[in-house]
Amino acid sequence: MRYQLQGAQKDDEVFVKVVYPTDKSIRLENVYGGQFPPKIVRSDQEIEFDSTDECGSHYIILNTGEHVFKLTGNYYCQLYLKETNVIRASVRYQMTMDEFFGGDGVT
């Protein structure tokens, strides 16, 4: 999916919310293939963009599948939402500090 704000001044901006309900992971890329690392928040946390955030700054809201990103009127602000072949996971291991460093910090 391609996004571009057309007919706008380069300082204009909008915030796009896309709900991606499948279990597949997606990433946001610019026209040159550069990726934007997301800020991940819980659904009870507030999303705050500020004036220093550039085109492509974005948030992923956990448990809702929502992606919110900044789109500006700059001609080069062309963003692509692409499916990836990865899964996001969070894992917790219960181990002592001695067990962790006993393997040189590798888990």
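The figures here come from the full heavy-atom set of this structure, side chains too, leaving out hydrogens, waters and symmetry mates. No experiment lies behind these values; they were computed from the predicted model shown.
Between the Asp53 side chain and the Ser57 main chain, no donor and acceptor come within less than 3.5 Å of each other. Panel note: side chain Tyr59, backbone Glu48; a donor-acceptor pair is recorded below 3.5 Å.
The aromatic ring centres of Tyr3 and Tyr80 sit 6.0 Å or more apart.
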| Criterion side-chain hydrogen bond (donor to acceptor under 3.5 Å, both in side chains) on Thr96 and Asp98, from CA distance to verdict | CA-CA 5 Å; Thr96 66; Asp98 291 335; 5.1 Å; no

| task | Dump the intermediate steps for side chain to side chain contact (heavy atoms under 4.5 Å, CB included) on Val16 and Val68, then the final yes or no. | result | CA-CA 5 Å; Val16 180; Val68 182; over 6 Å; no

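Separating the CD atom in Glu13 from the OG atom in Ser51 is a distance of 8.5 Å, to the nearest 0.5 Å. If you take OH on Tyr76 and CD on Gln4, they are separated by 11.0 Å, rounding to the nearest 0.5 Å. Interatomic distance, CG of Leu81 versus CZ of Arg2, reported as 13.5 Å (0.5 Å rounding). Here CZ of Arg27 is found 4.5 Å from CD of Gln35. Values are rounded to the nearest 0.5 Å. For the atom pair CD of Glu29 and CD of Gln78, the computed distance is 13.0 Å after rounding to the nearest 0.5 Å. The CG atom of Leu62 sits 8.5 Å away from atom CZ of Arg42, with the distance rounded to the nearest 0.5 Å.
Considering only heavy atoms from C-beta on, Val19 stays 4.5 Å or farther from Thr64 through its side chain. Between Asp12 and Thr72 there is no side-chain heavy-atom pair separated by less than 4.5 Å. Contact check for Pro38 versus Leu28: no side-chain heavy atoms found under the 4.5 Å cut-off.
Annotation for Ile61 and Ser43: closest pair CG2-CA, 3.6 Å, computed over non-hydrogen atoms. Of all non-hydrogen atoms in Glu83 and Ile26, the two that sit nearest each other are CA-CG2, 4.0 Å.
Residue Leu5 is not grouped with residue Tyr75 when hydrophobic side chains (ILVMFWY) are merged at heavy-atom distances under 4.5 angstrom, including chains of intermediate members. Under a hydrophobic clustering in which Ile, Leu, Val, Met, Phe, Trp and Tyr are joined whenever their side-chain heavy atoms come within less than 4.5 Å, directly or via other members, Met95 and Phe101 fall into the same cluster. Under a hydrophobic-cluster definition in which Ile, Leu, Val, Met, Phe, Trp and Tyr are linked whenever side-chain heavy atoms come within less than 4.5 Å, directly or via other members, Phe49 and Leu71 are assigned to different clusters.
Heavy atoms of other residues, nucleotides or ligands lying less than 6.0 angstrom from CG of Asn63 number 12 at most.
A salt bridge is defined here as a Lys NZ or Arg NE, NH1 or NH2 lying under 4.0 Å from an Asp or Glu carboxylate O, and Glu54 with Lys70 fails to meet this definition.
Taking the six-membered ring for Trp and thresholds of 30 and 60 degrees, Phe36 and His58 have ring planes more than 60 degrees apart, a perpendicular arrangement.
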